[in-house]
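Shown next, in structure tokens, is the structure this report addresses.
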Amino acid sequence: MMQEGTFAGTLVRTPSIWLRIVAWVCAIIVFGTIADNGYPTIDGHKYCVFNLKDDACNFGLATGIMAFIAATVLLALHIVVQKLKERNELLLRAFEMFDLVASAILALLYFVCFIFLANDWRVTNSEDFSTSRKNNARSAIAFSFFSVLLWGALTVFAGLIVYRRFKGGSSSSYAPIVGDSSSGYGATPSSAGNSGAEKSPYDQPQA
């Protein structure tokens with residue numbers, strides 16, 4: 001019972017968990033606003049609200065959906081990794097690299113999405129659009145920008161963890177990396193309960 005409470009408390013205190021949850025919500029807003037109100041009907045045909053270019057809406061939808069899936073998968077994998085009783089070094093390294101690569105790709109995609117949507121909206125003649133349609137378009141742009149910051153921060157967290165692991169060069173480096181409260185992954189129940197017994201290799205003086 002105590003172990004479960006420690007595990008739940010660790011997740012709550014883990015920065016990357018909250019960042020992924022917020023990124024997950026932003027992804028829903030981005031693709032939701034475009035899908036729901038991003039295609040006005042003009043002369044009997046549906047066009048994209050962003051300068052009547054379907055490519056802009058399609059790219060925004062694709063980016064939002066990919067971010068939603070990625071945030072969901074990374075959240076689930078994070079919990080699975082935390083619950084691992086046997087420390088599988090290969091699996092942990094694969095998760096950390098996947099986290100780093102996925103976060104970096106999504107930060108880049110959202111940056112392109114933000115530039116794409118903002119530039120097309122700037123030259124869009126929106127006088128004939130309803131207020132709700134305008135607000136939805138602006139929301140998609142704004143939350144694309146917020147998502148750049150969120151996935152950028154997640155990339156930094158993942159990059160620091162991968163860097164610290166390779167710098168340590170030890171198969172046992174998972175414990176101090178994941179157990180360190182300053183890392184993005186938080187602590188496992190085992191590392192939280194044995195913090196006094198295990199000495200982090202990073203606390204030793206460098207030669």
Side-chain angles (χ1 to χ4, degrees), residues 2-27 63 66-114 144-207:
M2 180 68 70
Q3 199 174 46
E4 288 296 326
T6 303
F7 176 72
T10 296
L11 290 181
V12 169
R13 293 191 301 270
T14 304
S16 59
I17 286 286
W18 291 104
L19 287 174
R20 289 192 190 105
I21 291 174
V22 177
W24 183 80
V25 173
C26 286
T63 302
M66 284 189 292
F68 173 81
I69 294 173
T72 303
V73 170
L74 286 170
L75 278 170
L77 288 177
H78 189 129
I79 294 173
V80 169
V81 167
Q82 293 287 358
K83 282 184 171 292
L84 283 177
K85 293 182 179 179
E86 296 182 3
R87 295 169 182 176
N88 187 319
E89 183 72 15
L90 182 60
L91 178 61
L92 296 173
R93 286 181 182 272
F95 169 70
E96 291 166 358
M97 289 303 300
F98 175 71
D99 187 12
L100 174 61
V101 173
S103 298
I105 290 175
L106 283 166
L108 177 61
L109 285 175
Y110 264 123
F111 177 74
V112 175
C113 180
F114 168 71
S144 293
F145 176 74
F146 296 151
S147 295
V148 175
L149 303 180
L150 289 166
W151 286 103
L154 285 166
T155 302
V156 172
F157 272 117
L160 287 173
I161 290 171
V162 171
Y163 170 75
R164 290 177 60 185
R165 171 183 287 281
F166 281 100
K167 183 180 178 182
S170 170
S171 62
S172 62
S173 60
Y174 170 74
I177 290 174
V178 180
D180 189 349
S181 60
S182 64
S183 75
Y185 292 129
T188 60
S190 58
S191 65
N194 299 322
S195 58
E198 290 187 344
K199 184 73 173 177
S200 170
Y202 304 109
D203 294 335
Q204 299 175 2
Q206 298 292 327

In terms of relative ring orientation, are H78 and F95 parallel, tilted or perpendicular, with 30° and 60° separating the classes?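 Answer is perpendicular, since the angle exceeds 60°.
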Using 0.5 Å steps for rounding, measure from the [atom1] atom of [X] to the [atom2] atom of [Y].
| X | Y | atom1 | atom2 | result |
| --- | --- | --- | --- | --- |
| D99 | L77 | CG | CG | 9.0 Å |
| C26 | L19 | SG | CG | 10.5 Å |
| L150 | F145 | CG | CZ | 10.5 Å |
| E96 | Y163 | CD | OH | 15.0 Å |
| I21 | T72 | CD1 | OG1 | 10.5 Å |

Intermediate values then yes/no, side chain to side chain contact (heavy atoms under 4.5 Å, CB included), L109 and W151: CA-CA 10 Å; L109 285 175; W151 286 103; over 6 Å; no
Is a donor on one side and an acceptor on the other found under 3.5 Å between the side chain of T63 and the backbone of Y110? no
Determine whether a donor-acceptor pair (N or O, by modelled atom type, separation under 3.5 Å) exists between the side chain of T155 and the backbone of A104.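 A pair under 3.5 Å: yes.
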L74 and F98, any side-chain heavy atoms less than 4.5 Å apart: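 Result yes, sub-4.5 Å side-chain heavy-atom pair found.
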